[in-house]
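Working notes, beginning with the structure itself.
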Amino acid sequence: MAESSGFDPQLALSHKFPETTYTYTARDSVLYALGVGACARDAVDDDELKYVYHANGEQSLQVLPTFAALFSLASLPNGFNLPGLEYDQRLLLHGQQYIELYRPFPSSACIHNKVSLAGLHDKGKAAIIEFETKSYEKETGELLCMNRTTVFLRGAGGFSKSSQPYSYSNYQTDKASAVKIPKTHPFAVFEDSTQPSQALLYRLSGDYNPLHSDPMVAKIAGFSRPILHGLCTLGFAVRAIIKCICNGDPNLIKSITGRFLLHVYPGETLITEMWLDDSRVIYQAKVKERNQTVLSGYVDVHRLPSSL
């Protein structure tokens with residue numbers, strides 16, 4: 001428990017995270033797109049070829065909006081650490097990812113990341129920590145996106161100094177409420193298969209946690225084999241929304257929320273179900289083989305295509 005380590009939440013709130021830079025090239029954006037399944041079913045897909053090839057003589061590639069999640073990973077090179085907070089890395093769970101997008105990403109750029117603590121909550125036997133990363137294009141200073149990453153640290157709770165569990169947020173918590181999946185029939189459904197090697201491909205975008213590649217580490221964590229990265233599953237789901245709702249235009253995406261509910265094994269089939277609620281797309285992703293929901297959330301768009 002964090003209490004035994006003398007963890008002081010007020011000290012955590014005043015902690016200053018180092019600013020970092022992250023440089024990516026067109027090759028990195030292509031590798032990411034392939035890692036989340038772009039063009040896997042059809043190598044000349046009209047909606048997706050633009051993420052991996054300079055189609056029609058274009059000088060730059062388009063970048064998927066979920067590529068933003070890589071900035072939050074790069075902004076915390078030492079992991080989810082706060083002064084005095086001790087936890088077992090093997091007991092960390094990625095609970096949720098929230099992304100706000102302010103402009104389309106260039107094909108290549110140097111990113112300047114600024115990190116702050118967005119939330120800290122004592123859940124008794126666990127702690128929930130939320131990190132906010134604002135990412136700027138270094139050359140222009142323009143704000144590109146904001147990530148809010150929520151992690152669940154089992155065994156790290158119990159640090160409250162009073163009978164009232166400690167809870168801090170520096171944003172409107174109603175924006176992070178769990179999404180309610182409609183009871184009606186989905187507006188759109190998209191089925192896509194992950195490859196048995198999907199996690200090995202996705203990890204090349206920077207998440208080298210052995211849980212996704214090492215069978216022994218996976219078994220220690222309680223899985224029969226390595227599991228897919230949650231952010232990879234999110235990439236599959238948002239790519240389905242871009243295809244089915246946005247007519248293939250990634251620039252319509254305004255913000256993304258994903259709540260990770262259950263693991264996915266590489267090679268399983270993902271079914272993304274989508275509902276429209278004004279300019280919001282509510283979605284959930286299920287594993288077809290086990291009929292279990294693994295991800296839910298919503299995507300806000302700037303506008304809906306007139307063709308819908």
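- Using a 3.5 Å distance cut-off with no hydrogens or angles, the side chains of Ser135 and Tyr22 do not pair a donor with an acceptor.
- Using a 4.5 Å heavy-atom cutoff, the side chains of Val44 and Asp42 are in contact.
- Checking side-chain atoms of Asp214 against main-chain N and O of Met216 turns up a donor-acceptor pair under 3.5 Å.
- With hydrophobic clusters built from ILVMFWY side chains whose heavy atoms lie under 4.5 angstrom apart, Val299 shares a cluster with Leu144.
- Counting all heavy atoms, side chain and backbone alike, Phe152 lies closest to Ala126 at CZ-CB, 3.5 Å.
- Checking side-chain atoms of Ser107 against main-chain N and O of Ala26 turns up no donor-acceptor pair under 3.5 Å.
- When the side chains of ILVMFWY residues are joined at heavy-atom separations under 4.5 Å, either directly or via intervening members, Val151 and Phe260 end up in two distinct hydrophobic clusters.
- Atoms CG and NZ, from Leu101 and Lys254 in turn, are 11.0 Å apart once rounded to the nearest 0.5 Å.
- Atom CG of Leu270 is separated from atom CZ of Arg239 by 9.5 Å, given to the nearest 0.5 angstrom.
- Under the 30°/60° scheme for interplanar angles, the aromatic rings of His229 and His212 are found to lie parallel.
- We find the CG-SG distance between Leu304 and Cys246 to be 8.0 Å, quoted to the nearest 0.5 Å.
- Under the 4.5 Å side-chain criterion, counting only non-hydrogen atoms from C-beta, Ile241 is not in contact with Val301.
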Please assess Val179 against Ile181 for the test side chain to side chain contact (heavy atoms under 4.5 Å, CB included), listing each intermediate value before the final yes or no.
CA-CA 6 Å; Val179 63; Ile181 301 299; 4.2 Å; yes
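- Atom CD1 of Ile111 is separated from atom OG1 of Thr133 by 12.0 Å, given to the nearest 0.5 angstrom.
- Taking the six-membered ring for Trp, Phe17 and Phe131 have ring centres closer than 6.0 Å.
- Across all non-hydrogen atoms, the minimal contact from Phe67 to Ser29 is CE1-CA, 3.9 Å.
- Contact check for Met274 versus Pro186: no side-chain heavy atoms found under the 4.5 Å cut-off.
- Contact annotation: the side chain of Ser255 approaches that of Glu100 to within less than 4.5 Å [non-hydrogen atoms, C-beta and beyond].
- The two residues Pro83 and Leu11 come nearest to each other via the heavy atoms CB-CD2, 4.3 Å.
- At a threshold of 4.5 Å between non-hydrogen side-chain atoms, the residues Leu308 and Phe187 count as touching.
- Contact record, Ala38 with Tyr51: CB-CD1, 4.5 Å, taken as the closest heavy-atom pair.
- Here Asn247 contributes atom CG and Leu252 contributes atom CG; the two are 8.0 Å apart, rounded to the nearest 0.5 Å.
- No path of Ile, Leu, Val, Met, Phe, Trp and Tyr side chains, each step under 4.5 Å between heavy atoms, connects Ile282 with Ile256, placing them in separate hydrophobic clusters.
- In the model, Glu289 has a side-chain atom that pairs as donor or acceptor with a side-chain atom of Thr269 under 3.5 Å.
- Side-chain atoms of Asp45 come within 3.5 Å of backbone N or O of Asp47 as a donor-acceptor pair.
- A distance of 11.0 Å separates CZ in Phe71 from OG1 in Thr20, rounded to the nearest 0.5 Å.
- Open room surrounds CZ on Arg27; 12 or fewer heavy atoms of other groups in view lie less than 6.0 Å from it.
- For the pair Ile129 and Leu117, the minimum side-chain heavy-atom distance is below 4.5 Å.
- Using a 4.5 Å cut-off on side-chain heavy atoms (C-beta onward), Glu86 and Phe7 make no contact.
- For Phe105 and Tyr24, the gap between ring centers reaches or exceeds 6.0 Å.
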Please determine whether side chain to side chain contact (heavy atoms under 4.5 Å, CB included) holds for the pair Arg41 and Ser193, giving the CA-CA distance in whole Å, both sets of side-chain angles, and the decisive distance to 0.1 Å.
CA-CA 8 Å; Arg41 296 199 308 177; Ser193 296; over 6 Å; no
If you look only at distance, which donor and acceptor atoms sit under 3.5 Å apart when one is on a side chain in residues 195-204 and the other is two or more places apart or in another chain?
residue: Gln198; atom: OE1; partner: Gln195; partner atom: N; Å: 2.9
residue: Gln198; atom: NE2; partner: Gly35; partner atom: O; Å: 2.8

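- Across all non-hydrogen atoms, the minimal contact from Gln97 to Ser72 is NE2-OG, 3.3 Å.
- In the hydrophobic clustering of ILVMFWY residues, with side-chain heavy atoms under 4.5 Å counting as a link, Leu92 and Leu262 come out apart.
- At least one side-chain heavy atom of Tyr265 sits less than 4.5 Å from a side-chain heavy atom of Ser224.
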Side chain to side chain contact (heavy atoms under 4.5 Å, CB included), that's the test. Do Leu234 and Leu231 meet it? Break it down for me.
CA-CA 5 Å; Leu234 180 65; Leu231 287 176; 4.0 Å; yes
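- In this structure, the side chain of Ser160 engages the main chain of Tyr166 through a donor-acceptor pair within 3.5 Å.
- Linking Ile, Leu, Val, Met, Phe, Trp and Tyr whenever their side-chain heavy atoms come within less than 4.5 Å leaves Leu143 and Ile253 in two separate clusters.
- Between His112 and the options Lys138, Lys134, Glu139, Glu19, a side-chain hydrogen bond (donor to acceptor under 3.5 Å, both in side chains) holds for only Glu19.
- Between the Lys50 side chain and the Gly248 main chain, a donor and an acceptor come within less than 3.5 Å of each other.
- Under the 3.5 Å distance criterion, the side-chain polar atoms of Thr194 are matched with a main-chain donor or acceptor of Glu268.
- At least one donor-acceptor pair under 3.5 Å links the side chain of Asn147 to the backbone N or O of Ala68.
- The minimum heavy-atom distance between Glu130 and Leu120, with the atom names listed, is OE1-N, 4.5 Å.
- Side chain of Asp207 to backbone of Asn209: a donor-acceptor contact under 3.5 angstrom is found.
- Between the side chain of Asp122 and the backbone N or O of Gly157, no donor-acceptor pair lies under 3.5 Å.
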Could you check Asp28 against Tyr32 for side chain to side chain contact (heavy atoms under 4.5 Å, CB included), going step by step and ending with a plain yes or no?
CA-CA 6 Å; Asp28 297 312; Tyr32 172 82; over 6 Å; no
